[in-house]
Amino acid sequence: MTYYDTFDSPIGTLLATSDGESLTGIYMENHKGGPKIGPGWRREPDRFADIRRQLADYFAGRRQVFDLPLALIGTPFQKQVWDELLAIPFGETTTYGTIARKLGEPNASRAVGAAVGKNPISIVVPCHRVLGSSGAITGFAGGLDRKRRLLDLESKARDLFTG
């Protein structure tokens, strides 16, 4: 069974999914490769109260780390990449190449990029913190404008936390 809810955010409507115990997805409007609500899905807003609260705190600059049970479903390589995403500190960025080197696969930047692009739990698993080798804002399933907005939000919030 897939449970879901939709809710508004500063970057548009978000779709959250769950397997009943863990968060399985957060998708933005027009999310490249994102799911469509299926006929067997069940809308249960109460099930998503904690994620709505934590995301509201994040967007308000009051939360840097999420505390949610996650169910990341993917290949072993994708899961390794997503674990690296979870290790990127709030307000910081890295590159696809850096992640590839950390995984012991220095020539796998494109494979890392593909895995980052398949991340099912946007924002919470911070794929928006990964940049191209030149530091350019590249690739984001939710759109480059949203990626810029998330990076700007974190930069401003980080300055408040450390200021």
Side-chain angles (χ1 to χ4, degrees), residues 2-18 22-38 41 43 45 47-68 70-74 78-79 81-100 109-162:
T2 298
Y3 300 93
Y4 79 96
D5 193 21
T6 59
F7 42 91
D8 292 331
S9 81
I11 59 169
T13 301
L14 299 175
L15 166 66
T17 60
S18 170
S22 300
L23 185 66
T24 58
I26 296 179
Y27 304 94
M28 297 164 230
E29 293 173 90
N30 303 313
H31 193 109
K32 183 180 175 190
K36 302 288 184 224
I37 296 171
W41 290 25
R43 186 171 199 166
R47 188 177 294 277
F48 296 91
D50 196 31
I51 182 59
R52 281 194 309 273
R53 181 183 55 74
Q54 289 191 38
L55 282 169
D57 287 348
Y58 168 83
F59 285 117
R62 295 186 302 262
R63 174 174 290 277
Q64 293 186 359
V65 177
F66 292 92
D67 181 25
L68 300 161
L70 305 178
L72 288 160
I73 301 164
Q78 287 171 331
K79 289 179 181 181
V81 171
W82 300 337
D83 284 344
E84 289 297 324
L85 298 179
L86 287 166
I88 305 168
F90 178 91
E92 295 185 23
T93 59
T94 192
T95 66
Y96 301 101
T98 299
I99 292 173
S109 295
R110 288 180 193 241
V112 167
V116 169
K118 296 283 187 183
N119 169 28
I121 307 179
S122 298
I123 305 166
V124 173
V125 178
C127 50
H128 59 278
R129 296 178 188 159
V130 184
L131 306 175
S133 61
S134 67
I137 294 176
T138 60
F140 190 59
L144 294 182
D145 181 59
R146 285 190 181 116
K147 185 170 185 168
R148 279 186 201 91
R149 290 174 66 190
L150 291 168
L151 291 170
D152 287 347
L153 176 145
E154 290 189 11
S155 176
K156 290 174 185 167
R158 183 190 62 217
D159 292 346
L160 289 174
F161 280 108
T162 60

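Residue indices begin at 1 and follow the sequence shown.
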Verdict with supporting geometry, Arg43 and Thr6, side chain to side chain contact (heavy atoms under 4.5 Å, CB included): CA-CA 9 Å; Arg43 186 171 199 166; Thr6 59; 2.7 Å; yes

Test log, rule side chain to side chain contact (heavy atoms under 4.5 Å, CB included), inputs Asp145 and Ile11: CA-CA 9 Å; Asp145 181 59; Ile11 59 169; over 6 Å; no

Verdict with supporting geometry, Arg52 and Asp5, side chain to side chain contact (heavy atoms under 4.5 Å, CB included): CA-CA 10 Å; Arg52 281 194 309 273; Asp5 193 21; 2.9 Å; yes

Residue pair Ile121, Leu68: steps toward the side chain to side chain contact (heavy atoms under 4.5 Å, CB included) verdict: CA-CA 11 Å; Ile121 307 179; Leu68 300 161; over 6 Å; no

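Note that CD1 of Ile88 is 4.5 Å distant from CD1 of Ile99, once rounded to the nearest 0.5 Å. To the nearest 0.5 Å, atom CG of residue Leu86 and atom SG of residue Cys127 are 10.5 Å apart. Summarising the geometry, atom CD1 belonging to Ile123 is positioned 12.5 Å from atom OH belonging to Tyr27; distances are rounded to the nearest 0.5 Å. Residue Tyr3 holds its OH atom at 12.5 Å from OG1 of Thr17, rounded to the nearest 0.5 Å.
Listed by chain and residue number, nothing satisfies the side chain to side chain donor-acceptor pair (under 3.5 Å) test with Ser133 (two or more places apart in sequence, or in another chain). Qualifying salt bridge (charged side-chain N to carboxylate O under 4.0 Å, His left out) partners for Arg148, counting only residues two or more places apart in sequence or in other chains: none. Contacts of Arg149 classified as salt bridge (charged side-chain N to carboxylate O under 4.0 Å, His left out), with partners at least two apart in sequence or in another chain: none.
In plain terms, the two heavy atoms of Asn119 and Val125 that are nearest each other are ND2-O, 2.8 Å. Looking at every heavy atom in both residues, Arg146 comes nearest to Met28 through CD-SD, 3.3 Å. Closest heavy-atom contact between Phe48 and Leu23: CE2-CD1, 4.4 Å. Nearest approach of Gly12 to Glu29, heavy atoms of both residues: CA-OE2, 3.2 Å. The shortest non-hydrogen separation linking His31 to Ser122 is CE1-OG, 3.1 Å. The nearest pair of heavy atoms linking Tyr96 to Ser109 is CB-O, 3.8 Å.
Aromatic ring orientation, Trp41 versus Tyr4: tilted (interplanar angle from 30° to 60°). Ring geometry, Tyr58 versus His128: the interplanar angle exceeds 60°, so the pair is classed perpendicular (tilted spans 30 to 60°).
Heavy-atom contacts from other residues, nucleotides or ligands closer than 6.0 Å to CZ of Arg53 number more than 12.
Using modelled atom types, no side-chain atom of Ser9 and backbone atom of Thr13 make a donor-acceptor pair closer than 3.5 Å. Checking side-chain atoms of Gln54 against main-chain N and O of Arg63 turns up no donor-acceptor pair under 3.5 Å. For Glu154 (side chain) and Phe90 (main-chain N/O), no donor-acceptor pair under 3.5 Å exists by modelled atom type. Trp82 places no side-chain N or O within donor-acceptor distance of the main-chain N or O of Lys118, the cut-off being under 3.5 Å. Looking only at distances, a side-chain donor or acceptor of Lys147 sits under 3.5 Å from a matching main-chain atom of Val130.
Leu15 is listed as a side-chain neighbour of Pro35, based on a closest heavy-atom distance under 4.5 Å. No side-chain heavy atom of Thr94 sits less than 4.5 Å from a side-chain heavy atom of Leu131. Side-chain contact between Asp50 and Asp67 is absent, with no heavy atoms from C-beta onward closer than 4.5 Å.
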